[in-house]
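Structure, as structure tokens:
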Amino acid sequence: MATESPNPSPFGRVLRSPVPFSVLGALVVGTLFLLATGSDPVTAYGAVVEGAFGADGIGSTLSSSTAVIGLAVALAIPLRAGLINLGGDGQMVLGGITAAAVGLYAPLPAVLTVPLCLLAGMAAGAAYAALAAVCQNRFGVPLLVTSLLLSYPAVSFASYLARYPLKDPASSLPQTRRLPAGVALPEFGTSTVTLGLVLVAAVAAAFYFVDTRTPAGYEIRMTGLNSRFASYAGIDRPRLTLRLMAVSGAVAGLVGAVGVLAFPFRFTDGSLTASGDTWTGLMAALLASAAPVGTALAALFFAALKVGGLNMERVTEVPSELTDILQAIVIVFLAARFTLKRRRRAASSPESPAQAPTPAVPAAAPEKETA
Amino acid sequence: MTPRPESPAVEMRGIVKAFPGVVANDHVDLTVRRGEIHALMGENGAGKSTLMSVLYGMERPDSGTVLLHGREVSFADPSRAIAAGLGMVHQSFKLFPSLTVAENVVYRAEPRRFGLVDRAAARRRTAELAAEHGLDVDPDARVGDLPVGVRQRVEILKLLHRGAQVLILDEPTAVLTPAEADSLFAVLRGLADQGRTVLLVTHKLREVLEGSDNVTVLRDGRVAARLRTAATTAEEIAAAMTGRDVELDRMHPGGTPGEEVLTVRNLSLPGLTDVSLSVRAGEIVGVAGVAGNGQGELVEALAGLRPAVSGEVRVAGREVTGATAAERRAAGLAYVPEDRGEVGTARAASVAENLAMGHHRKGLRSRRGLLPGAAVRSHAMELIERFGIKASSPEIPAGALSGGNLQKLVIGRELAHEAPLLIVEQPTRGVDIGAIENIHRQLVAYRDAGHAVLLVSAELSEIRGLSDRVLVMYEGRIAAEYDREAADERTLGLAMAGGAAPPSGGGSGASGPRPGEESTASAPAASVPAASVPAQEKR
Amino acid sequence: MFLDSDLLFSALRALTPILLAALGGAICERAGVFMIGLEGMMLMGCFTAVTVSWFSGSPWLGVLVAALAAAAYSLILAVGTVTLKGDAVVLGVAMNLLAVGLTGFLLRTTFGVQGTFDDPALAGLGTVDLPGIASIPFVGPALSGHSALVYFSWIAVPVAAVLLFRHPWGLRLRGVGETPDAAATLGVSPARYKYAAILVSGVLCGLAGAQLALGNVTLFSENMTAGRGWIAVVAVMLGRAAPVGVLLAGLLFGIAEAAGFRLQGLGLPQQATDAAPYAVTLVALFLTTAKRRRRTPAGASA
Amino acid sequence: NASASKSDPASGSAGSGKSFVLVTPDAVAQNEFLKLAVAGVKSAAKAHDASSKVYESTDDASRQQNVKAAVNASPDVIVLIGFEFADLAAQQAEAGPDQQFLLVDSCTTKTYENVTCATFREQEAVYLAGAEAGLLSESGKVGAVDVLDTPQFRRYSEPFAAGAKKTASGTKSTTRFVGGDSPFNDAARAKEQASSLISGGVDHIMAAAAAGNYGVFEAAQAKGAFAYGVDVNQCSAAEGTVVDNVVKRTDVAVEKGIGTILSGTTGRTVSYGLKEGGMSLTGLEDGVADSGCVIAEHTDVIAEVEKLREQIVTGKLTVDDPAA
Ligand SMILES: Nc1ncnc2c1ncn2[C@@H]1O[C@H](COP(=O)(O)OP(=O)(O)OP(=O)(O)O)[C@@H](O)[C@H]1O
Ligand SMILES: Nc1ncnc2c1ncn2[C@@H]1O[C@H](COP(=O)(O)OP(=O)(O)OP(=O)(O)O)[C@@H](O)[C@H]1O
Ligand SMILES: [Mg+2]
Ligand SMILES: [Mg+2]
């Protein structure tokens with residue numbers, strides 16, 4: 001149970017948590033893979049670390065983690081109340097294409113266009129995510145399914161816009177025209193890290209603040225732990241669902257807009273979704289039980305692993321799939337809450353108290369809803 | 001009719017079972033003869049359920065032996081116990097709501113045809129058993145649609161279908177009304193007369209005194225007393241359970257009613273017809289009735305969890321008919337729900353967080369609109385202290401509390417709102433005698449501080465002991481209203497069975513009151529003394 | 001000739017992997033295990049089927065080993081959720097991610113290729129003509145000439161339905177899925193039934209993968225399941241975890257997709273036809289849920 | 001031959017001290033032509049006694065990182081292959097004027113002194129393949145299966161139709177796009193698309209479906225139709241079914257490009273078509289007889305197509321570029 005208890009001793013908690021064991025376990029499995037394929041584990045892992053945190057790599061890690069952390073936080077926000085948003089891709093892509101359209105057509109000076117793009121992207125993501133919430137509130141179709149199914153048409157729609165109305169006639173790629181000069185987020189020095197990272201970090205900080213310090217955050221957490229308790233206490237669940245989804249979609253849309261306002265300053269069909277950041281972000285959120293700090297850290301870790309893996313592939317001959325495998329194994333271990341201590345616990349508590357995230361899994365069987 | 005062979009049906013010798021930090025059973029001996037109804041009593045956490053789990057093969061004892069009909073047994077799992085003729089009805093129902101009654105009954109002992117479940121045979125078998133033992137159920141009904149009383153019958157049918165000779169029932173009447181409990185005891189007595197053995201865990205002295213042959217009392221995991229029911233009193237049992245003298249079923253003095261706080265006029269919704277009532281400040285109004293006669297609907301409608309179709313509700317002078325739960329609470333309503341574990345708390349959240357609910361936007365919110373952790377914690381400490389909640393720390397999950405302490409948590413939190421109106425549902429269900437005393441005192445004190453209390457309970461003694469006025473619900477209507485003096489158990493029992501209401505149209509067609517129907521038909525007079533507690537009459 | 005037997009044939013073939021996986025998902029759902037890792041297990045099945053068929057020359061050995069391998073892979077979920085009480089959603093998503101990485105890695109190390117492994121010598125499943133049926137006009141060409149696994153999937157639907165709703169095993173399984181405690185007190189081990197359900201779904205996903213890689217096509221390519229596992233998850237939901245419902249849901253999706261292909265031919269943009277099956281499924285979900293809601297009157301605040 | 005396509009650090013003795021880095025937009029074997037690019041950079045390394053490395057990317061983020069890593073390594077030439085690098089090349093060329101880039105398959109919108117471009121006129125070879133289809137088709141219906149509806153892929157469908165019309169004026173043509181969740185890898189979906197074309201009467205299909213090509217071949221093989229492969233000789237994947245292949249000599253473009261850069265001529269765009277030998281058909285190359293391609297049996301068709309090629313090479317016939 002990774003609920004953030006109010007008595008904070010973060011390091012102790014991390015050490016007692018399954019994190020170290022899981023990372024270690026994954027490294028061991030990875031070592032076996034490396035040895036089996038005749039590679040040197042030390043060099044390989046060294047290349048991962050160097051690639052992710054070395055002087056040349058840290059910039060890439062930070063710019064990669066902009067999207068991953070952003071999406072992780074986006075998905076963690078409703079997850080904190082037990083709502084799974086599987087439509088991050090669609091919301092992000094709509095945010096991106098909206099930002100691109102606004103950036104291309106807004107008759108304003110660049111300084112004003114940039115925030116307008118961000119806001120428009122957030123609004124598009126929010127509206128689309130809210131649609132999934134409305135489907136659950138109005139029609140009773142589980143959010144998990146509606147958000148997932150709605151995602152595909154959104155991606156298709158954005159793809160259509162990028163290939164026809166907003167198409168860059170000079171390019172063979174399905175992409176919009178390049179945004180006018182200056183319609184871009186400022187970059188830090190010569191790196192690829194943009195102001196987007198600051199925005200995402202601000203969102204994560206705001207999430208942390210709301211979660212730990214405000215009555216609203218408290219209500220969200222309680223809803224996640226027991227939604228019937230929440231309704232009993234007067235928390236309006238449909239409204240909360242709508243709001244959380246809207247915020248979630250807004251953050252996903254922000255990530256899309258940030259992606260468009262960074263190099264190469266246009267919306268390219270498929271480029272926002274190709275790296276699977278939505279899944280990585282969802283994993284980070286799920287693993288941390290949507291706790292803000294844990295979510296952000298897990299997202300950063302996954303981003304670093306990915307960037308480092310690419311460097312490993314460049315330096316050694318080990319395929320970068322290895323880091324994908326490592327990531328998945330860490331997740332499997334973590335999800336199974338593999339700690340050395342847990343076995344004893346499990347034996348003494350048949351009613352698993354480890355139901356913190358309560359991912360509201362929809363009941364497929366009709367009979368189950370009679371209660 | 002009841003043969004008395006040499007060896008007892010069940011004999012447990014020197015059972016020891018320890019959990020980390022607790023010795024739940026400490027050298028417990030228990031002997032139950034064939035054909036008897038044997039009651040097992042004790043406060044919350046005394047070790048009753050653990051002992052029964054050991055007998056049923058769900059827990060392995062650390063030491064000790066179990067003999068069944070004189071032969072030593074050791075069950076690796078419940079299926080062995082079932083095969084040996086044991087059957088258990090658990091504290092909370094263990095049923096499959098989406099399956100039919102027949103499917104629930106034959107589960108894991110299915111009649112087969114061509115290797116498949118013979119559904120016709122299952123239905124037939126269920127109907128036959130039901131008829132044989134006077135357990136009225138429809139084999140094709142979905143269990144999820146049934147009222148609790150009928151579910152209890154399904155549980156018993158499950159045991160009978162498996163040919164259980166020794167029936168273990170853990171708090172079977174906790175959710176039943178007196179009438180339902182009476183008909184259950186009639187069934188149990190019939191089974192005992194056939195030579196089966198019944199082991200009964202309960203907190204209710206009345207049932208023990210009227211329904212059992214012998215009593216074993218546990219305290220802190222040890223046997224505190226072995227008593228013959230015929231030769232003991234409620235006080236003696238209670239003293240053995242608690243280790244001190246307990247004032248049983250006290251009639252609390254009445255209050256001094258003031259202004260009307262809750263006004264309900266002609267409230268109607270599915271399951272509730274034209275209900276009008278009022279509760280005044282300084283008054284406890286009890287709502288009695290057989291489960292399923294609209295009490296649940298009434299409470300949920302008042303709390304804002306169920307929409308009204310017509311009528312009017314006012315709380316503390318404010319019209320709240322269409323208001324949300326939050327708005328009603330703001331208007332001055334606090335509510336202790338029936339299901340403390342699933343509705344009244346979030347088990348995975350800490351005790352402190354559970355205690356903060358509802359206070360988090362009021363007293364605990366800082367001037368800048370934040371919710372400081374320190375405030376949540378000190379609020380929790382204060383309530384833990386004030387209501388005697390046994391929790392090692394405010395940070396432990398609420399799910400780690402025992403039922404009684406969880407109930408104190410919920411009641412304490414709601415009382416702390418100091419809301420003009422408190423709605424309390426089944427405040428002492430499954431709670432031991434000591435805790436009941438405490439909860440009752442709190443409710444009376446709350447009333448005496450000038451608040452209005454609407455108490456819904458299936459426990460007639462509780463209703464009578466606390467209420468200034470009593471309303472009886474029957475088929476979704478207020479069937480009768482009595483002052484505290486007029487509300488004796490006989491009158492209430494009659495009204496609950498529909499005896500006070502003008503006979504309406506189709507009679508008792510609702511799903512709930514079948515047992516009531518039975519008792520009215522057979523002998524209304526006979527069922528009434530059965531509902532009174534001897535201990536109380538002495539006072 | 002918009003709806004012709006070719007379209008039906010294609011739709012049925014495209015349906016098969018989804019149907020098999022969804023049947024597995026439905027059995028898990030009934031056992032109270034939310035199975036979101038169908039995609040990953042299917043992909044493992046694809047890879048194993050191709051690998052074994054290639055090295056042994058026997059596609060049917062490939063099918064067998066694919067079923068076993070996917071079942072072994074499903075143990076991640078079984079051990080993770082049932083034994084270690086981990087979260088099924090997290091594990092399922094992790095299984096999907098792991099399968100992509102693992103098959104990609106193994107593709108490189110086993111076959112020394114990347115992206116796609118295709119070789120004319122790779123033995124596929126071959127097709128079976130249904131005697132008597134093949135000659136019926138319209139229906140015959142659509143129903144006949146599929147691989148044996150396609151027919152297996154059709155048989156699997158009624159078998160699964162009977163197993164779930166008529167056989168004692170199914171009754172117990174549904175009980176376990178609904179109230180594990182109650183099952184346990186009657187001597188039915190929820191853990192054992194959940195393991196069984198997960199393993200069965202593993203086997204079915206393995207077969208789904210084998211059909212996809214050796215039946216629908218004869219090759220392996222990275223991430224070749226391309227979201228079919230997710231469609232299966234949705235089919236489980238839309239079909240209310242009942243085999244026949246799952247079949248209908250899968251058919252709806254399959255026909256919508258096959259029709260979409262045709263519409264492409266009529267000049268509709270590719271994006272519209274991509275989105276069509278999802279939109280159709282969504283609408284179907286709305287309709288069935290709304291209908292169900294009307295049947296169960298108020299109160300149920302889910 | 002994975003190791004062949006894999007990065008091969010320090011291949012050759014690098015005696016000249018020169019080094020080249022090739023950055024691919026996708027994992028190498030995903031598009032056959034990337035393999036050729038790897039081969040090209042290797043043979044260039046051999047020719048110039050240099051070392052070569054290959055950085056494989058999978059998505060935009062990894063493309064950026066790989067290009068950055070390549071720039072940090074500052075080799076003599078960075079070879080970027082694919083449309084995806086147009087923006088990146090411009091950005092990096094501006095940032096580092098001393099670094100030489102070879103951009104294959106696309107070009108920056110502005111010209112830079114340190115960016116040399118090599119582009120292909122795929123449409124010319126596709127047109128010839130279409131011409132073959134027109135001559136061979138019995139139903140008078142041809143089609144194409146593309147990965148996605150993008151200008152890049154339309155280069156494989158529209159000239160194919162035009163070529164078929166040229167040799168058989170009444171030919172009807174249809175195009176299908178794989179699309180879906182994973183368009184580059186979804187062979188099953190590509191197969192269904194091809195099947196639906198065939199059941200609509202199409203008997204010659206241009207397969208530009210990336211990994212889905214194998215699905216297209218299977219569909220054609222199952223129903224006795226014919227298909228055309230891309231990038232390399234794919235005839236062996238389905239003998240008797242694959243008529244011919246639109247071959248894109250990425251290796252030639254890479255090798256020649258590196259050569260011109262090293263010789264000091266930079267900042268130019270070279271377009272490779274039939275004339276330059278950058279695009280071709282298997283059927284028009286040497287060794288047709290052993291290619292395993294159906295076209296080998298149709299020498300008359302080859303002769304016809306050869307004439308068309310001459311017309312294109314000499315400029316008598318121009319083929320429209322759908323991506324232009
Ligand atoms: N699974 C368990 N793990 C740890 N301790 C347990 C467990 N089950 C019971 N206990 C301990 O054993 C003691 C006896 O519990 P048991 O449930 O048998 O009480 P009980 O008499 O049935 O109480 P109640 O009247 O509330 O049902 C309790 O104090 C409790 O702390
Ligand atoms: N898994 C567990 N670990 C530790 N203690 C437990 C566990 N389960 C139960 N207990 C303890 O067992 C005691 C009795 O638990 P139980 O759930 O039987 O409560 P209860 O009083 O019987 O509630 P109710 O009668 O309302 O069901 C409690 O004190 C609780 O702390
Ligand atoms: Mg108990
Ligand atoms: Mg109890």
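Hydrogens, waters and symmetry mates play no part in the numbers below; they use all other heavy atoms, side chains included. Throughout, a chain's letter reflects where its sequence line sits, starting with A, and its residues are numbered from 1.
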*Region of D:Ser196 in contact with chain C, defined by heavy-atom distances below 4.5 Å*: both
*Taking all atoms of both residues into account, what is the closest heavy-atom pair of C:Leu219 and D:Gly215, and its distance?*
CD2-N, 4.1 Å
*asked:* I need the D:Asn185 CG to C:Met224 CE distance, nearest 0.5 Å.
replied: 9.0 Å
*Proximal component of C:Asp119, with respect to chain D [non-hydrogen, under 4.5 Å]*: neither
*Check salt bridge (Lys or Arg N to Asp or Glu O under 4.0 Å) between D:Asp186 and all other residues, then give those that pass, not counting sequence neighbours.*
C:Arg228
*Given a strict heavy-atom distance threshold of 4.5 Å, which part of D:Ile198 is in contact with chain C: side chain, backbone, both, or neither?*
neither
*Taking only heavy atoms into account, what residues of residues 220-228 of chain D are found under 4.5 Å from chain C?*
D:Lys223
*Do C:Asp274 side-chain atoms and D:Gly180 backbone N/O form a donor-acceptor pair below 3.5 Å?*
yes
*Compare every heavy atom of D:Gly179 with every heavy atom of C:Gln270, then report the nearest pair and how far apart it is.*
NE2-CA, 3.3 Å
*Side chain from CB out, backbone as N, CA, C, O: work out which of these in D:Glu218 comes under 4.5 Å of a heavy atom of chain C, or both, or neither.*
side chain
*Looking at D:Glu56 and C:Arg108, does any basic side-chain N land under 4.0 Å from a carboxylate oxygen?*
yes
*Mind checking whether C:Val217 and D:Tyr214 have side chains closer than 4.5 Å, heavy atoms only?*
no
_Test item: C:Ser10 and D:Lys191 side chains (from C-beta on) under 4.5 Å apart, heavy atoms_ = no
*Begin with the C-alpha distance, continue with both residues' side-chain angles, and end with the deciding distance and a verdict on side chain to side chain contact (heavy atoms under 4.5 Å, CB included) for C:Glu257 and D:Glu192.*
CA-CA 10 Å; C:Glu257 191 175 65; D:Glu192 303 306 344; over 6 Å; no
